[in-house]
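What follows is a single structure, written as structure tokens, with notes after it.
Starting from 1, each residue takes its place in the sequence as its number.
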Amino acid sequence: MPFDHNDHYHRLLLRQLPPDCRTALDVGCGTGRFARRLAGLGLDVHAVDRSGEALAQARATAGESGGGGGLVRYEHADLTELELPDRHYGFISCLASIHHMPFGTVTALRDALAPGGVLVILGCYREKAPADFGWGLVASPVNAVTRLAVAVSERCRPTGTAPMKPPTAAPGMPLARIRREAAALLPGCRIRRLLFWRYLLVFRKEASPPGA
């Protein structure tokens with residue numbers, strides 16, 4: 001059914017945008033829906049994904065950004081092999097993509113943030129602790145009802161080509177380990193568990209002092 005857990009949290013992620021942000025990096029952009037939302041807010045977005053098929057659909061729907069003055073530059077690349085500009089991006093987003101690569105890749109994203117910039121990760125984790133399964137029990141009926149509601153609303157709209165689903169992978173790290181590694185690599189970051197088998201990590205890079 002057409003309910004995307006990642007899309008559900010777009011507004012939550014957009015609330016983390018720093019003031020006067022102009023540049024963004026969207027890691028694992030898939031078919032580009034979040035990158036286009038950022039561009040619609042006036043940001044110039046560097047959108048990276050290693051799936052050529054997903055990027056082909058992203059480019060085909062590039063006209064759906066809704067204006068806003070921002071531009072999206074799509075790049076077919078593996079982030080772990082990409083040399084990112086240092087201290088450049090005001091906002092970096094990873095939507096269900098960091099578990100496709102070594103978690104230590106966040107250090108490259110940290111270094112690519114401009115002073116005062118924000119890194120947000122909407123991540124997936126492996127269920128292991130009792131609390132994980134407890135949250136899953138709560139999320140399952142809510143998920144079923146939401147999927148049904150979305151499916152009904154979709155039937156009322158004109159039919160078209162079904163959107164492609166980007167490649168998926170099972171997460172390997174439990175949330176407790178993610179918290180430990182993030183605390184070491186992204187000092188001061190905040191992590192909270194979300195309902196639909198996701199967590200939100202927010203890291204704000206310290207701004208440069210005046211005159212620096």
(request) Apply side chain to side chain contact (heavy atoms under 4.5 Å, CB included) to V106 and I98, showing your working. (result) CA-CA 8 Å; V106 299; I98 201 68; 3.9 Å; yes
(message) Which heavy atom of R87 sits nearest to which heavy atom of P115, and what is that distance?
(response) NH2-CG, 3.3 Å
(message) With a 3.5 Å distance limit and no angle check, can you tell me whether D49 reaches the backbone of C29 through a side-chain donor-acceptor pair?
(response) yes
(request) Answer yes or no: is there a side-chain heavy-atom contact under 4.5 Å between H10 and L95? (result) yes
(request) Decide yes or no for L194 and L122: does some side-chain heavy atom of the first lie under 4.5 Å from some side-chain heavy atom of the second? (result) yes
(request) Find out whether D111 and L84 are in side-chain contact, i.e. whether some heavy atom of one side chain is under 4.5 Å from a heavy atom of the other. (result) no
(message) Using 0.5 Å steps for rounding, measure from the NE2 atom of H76 to the CG atom of L82.
(response) 11.5 Å
(message) Quick check: closest heavy atoms across T105 and P102, and the distance to 0.1 Å?
(response) OG1-O, 2.7 Å
(message) Rounded at 0.5 Å granularity, tell me how far SG in C94 sits from NE2 in H100.
(response) 11.0 Å
(request) Output the distance between atom CG (L113) and atom CZ (F203), rounded to the nearest 0.5 Å. (result) 6.5 Å
(request) Enter the distance from R179:CZ to I191:CD1 here, rounded to the nearest 0.5 Å. (result) 5.5 Å
(message) Keeping D44 on the side-chain end and L71 on the backbone end, is there a donor-acceptor pair under 3.5 Å?
(response) yes
(request) Quick one: do D26 and Y89 satisfy side chain to side chain contact (heavy atoms under 4.5 Å, CB included)? Show the steps, please. (result) CA-CA 10 Å; D26 189 27; Y89 302 103; over 6 Å; no
(request) Quick one: closest heavy-atom pair of I92 and A112, and the distance? (result) CD1-CB, 4.1 Å
(message) If you define the side chain from C-beta out and look only at heavy atoms, does anything of Y199 sit under 4.5 Å from I121?
(response) yes
(request) Taking the side chain as every heavy atom from C-beta outward, state whether R198 and C124 have any atom pair closer than 4.5 Å. (result) yes
(message) Test your reading of the model: is there a side-chain donor-acceptor pair from R110 to the backbone of L119, 3.5 Å cut-off?
(response) no
(message) Using side-chain heavy atoms (C-beta onward) and a distance below 4.5 Å, is F91 in contact with V120?
(response) yes
(request) Quick one: closest heavy-atom pair of A24 and L43, and the distance? (result) CB-CD2, 3.8 Å
(request) Heavy atoms only: give me the nearest P174-Y125 pair and the separation to one decimal. (result) C-CB, 4.4 Å
(message) Donor-acceptor check, side chain of Q16 to backbone of L12, threshold 3.5 angstrom: yes or no?
(response) yes
(request) Hey, could you give me the CZ/CG distance between F34 and N6, rounded to the nearest 0.5 Å? (result) 10.5 Å
(message) Exactly one of L13, L38, L17, L25 should register a side-chain contact (heavy atoms from CB on, under 4.5 Å) with S93. Which one does?
(response) L38
(request) Grab the two heavy atoms, one from P18 and one from G116, that are nearest each other, plus how far apart they are. (result) CB-O, 3.8 Å
(message) With side chain to side chain contact (heavy atoms under 4.5 Å, CB included) as the criterion, how do E181 and M173 come out once you've worked through the C-alpha distance, each side chain's angles and the decisive distance to 0.1 Å?
(response) CA-CA 10 Å; E181 295 203 13; M173 290 173 60; 3.8 Å; yes
(request) Measure the spacing between CZ of R33 and CD of Q57 and express it to the nearest 0.5 Å. (result) 10.0 Å
(request) Using a 4.5 Å cut-off on heavy atoms from C-beta on, say whether the side chain of R59 contacts that of L55. (result) yes
(request) Would you check if V48 and V27 make a side-chain contact, meaning some heavy-atom pair closer than 4.5 Å? (result) no
